[in-house]
Amino acid sequence: MSDQFFTQPILNSPYEYPRRHWELDTDGQPTQKILEYRRNAEFITPIPKPRKRKDAQKQPLILDEGLGLSTVDQQYDPTGTINLVRGFVDNWRRIPDPNNWKVTPETARLLQHWRHYNFGSYVESVSTD
């Protein structure tokens with residue numbers, strides 16, 4: 001099996017609803033399977049498996065920005081907010097009439113261009129088999 005994830009990680013146009021994603025296992029490693037829906041926001045950094053793997057305990061990710069928002073006992077987790085904003089953007093994308101988008105005319109022209117631009121040359125070339 002080829003390692004398509006690392007040779008072609010992009011599956012969606014940057015200007016359309018992300019309708020598919022690479023499946024990751026519980027360790028964050030790609031399974032080489034494409035799932036036909038949008039992944040929920042999570043802090044995942046898929047990296048190639050090391051050749052030698054030590055059985056180390058997983059440590060929690062503490063986002064210590066120096067302002068004291070996160071500690072070991074209380075984590076700052078923006079994923080709920082990210083998923084909420086994604087829902088608002090999804091609803092906005094479904095508005096067919098540009099006059100109801102509540103954007104400037106220049107932005108409406110750009111969005112119309114991007115919504116109809118063919119990104120298929122690299123996005124659709126990954127097989128779902």
Side-chain angles (χ1 to χ4, degrees):
M1 176 189 305
S2 67
D3 198 1
Q4 288 182 308
F5 176 85
F6 291 106
T7 59
Q8 196 159 17
I10 298 172
L11 297 178
N12 301 291
S13 159
Y15 305 110
E16 294 175 356
Y17 177 80
R19 56 187 168 74
R20 51 195 209 156
H21 68 274
W22 290 103
E23 179 183 56
L24 302 177
D25 65 18
T26 56
D27 292 325
Q29 298 298 314
T31 65
Q32 301 306 316
K33 181 178 177 185
I34 296 173
L35 301 178
E36 298 293 330
Y37 60 92
R38 183 180 196 158
R39 180 191 338 263
N40 279 334
E42 294 179 81
F43 287 105
I44 299 172
T45 305
I47 55 173
K49 284 186 177 180
R51 290 193 178 123
K52 293 183 179 180
R53 192 172 193 158
K54 295 180 181 178
D55 289 333
Q57 287 185 328
K58 289 185 181 182
Q59 296 296 320
L61 175 65
I62 299 175
L63 302 173
D64 184 12
E65 69 303 317
L67 300 175
L69 293 177
S70 295
T71 66
V72 174
D73 297 324
Q74 180 176 338
Q75 297 294 309
Y76 171 68
D77 184 4
T79 56
T81 303
I82 292 168
N83 287 322
L84 180 66
V85 169
R86 283 181 173 182
F88 290 133
V89 172
D90 291 345
N91 290 336
W92 176 81
R93 278 188 173 120
R94 291 186 197 105
I95 300 171
D97 184 357
N99 294 320
N100 295 328
W101 289 352
K102 298 183 181 178
V103 297
T104 66
E106 293 80 10
T107 300
R109 282 195 301 273
L110 284 170
L111 290 169
Q112 287 174 322
H113 168 76
W114 291 332
R115 283 183 173 194
H116 297 97
Y117 187 81
N118 181 11
F119 288 89
S121 61
Y122 70 90
V123 172
E124 296 297 330
S125 62
V126 177
S127 155
T128 58
D129 296 333

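Numbering of residues begins at 1 and proceeds along the displayed sequence.
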> Heavy-atom distance under 4.5 Å between the side chains of E106 and L110, does that happen here?
Replying inline: no
> At their closest point, which heavy atom of T31 faces which heavy atom of D25, and how far apart are they?
Replying inline: CG2-N, 3.9 Å
> Are I34 and F6 connected in a single hydrophobic cluster, I mean Ile/Leu/Val/Met/Phe/Trp/Tyr linked by side-chain heavy atoms less than 4.5 Å apart?
Replying inline: yes
> Does the pair K102 and I95 meet the rule for a side chain to side chain contact (heavy atoms under 4.5 Å, CB included), with working shown?
Replying inline: CA-CA 10 Å; K102 298 183 181 178; I95 300 171; over 6 Å; no
>> Quick one: does any side-chain atom of W92 pair with a main-chain N or O of W101 as donor and acceptor, under 3.5 Å?
In response: yes
> Can you name the one residue among R19, R20, H21 that meets side-chain contact (heavy atoms from CB on, under 4.5 Å) with L35?
Replying inline: H21
>> To check you understand the geometry: which heavy-atom pair defines the closest contact between R93 and P18, and what is its length?
In response: NH1-CD, 4.0 Å
Cut-off 3.5 Å, no hydrogens considered: what does the side-chain donor-acceptor table look like for residues 79-87, sequence neighbours left out?
| unit_1 | atom_1 | unit_2 | atom_2 | d |
| --- | --- | --- | --- | --- |
| T79 | OG1 | D77 | OD1 | 2.8 |
| T79 | OG1 | D77 | OD2 | 3.2 |
| N83 | OD1 | A41 | N | 2.9 |
| N83 | ND2 | T79 | O | 3.2 |
| R86 | NH1 | R39 | O | 2.7 |

>> On a heavy-atom basis, which atom in N91 and which in R94 lie closest, and how many Å separate them?
In response: OD1-NH1, 2.6 Å
> What is the minimum heavy-atom distance between W22 and P9, and which atoms define it?
Replying inline: NE1-O, 3.3 Å
>> Given 3.5 Å as the limit, does a donor-acceptor pair link the side chain of Q4 with the main chain of Q32, or not?
In response: no
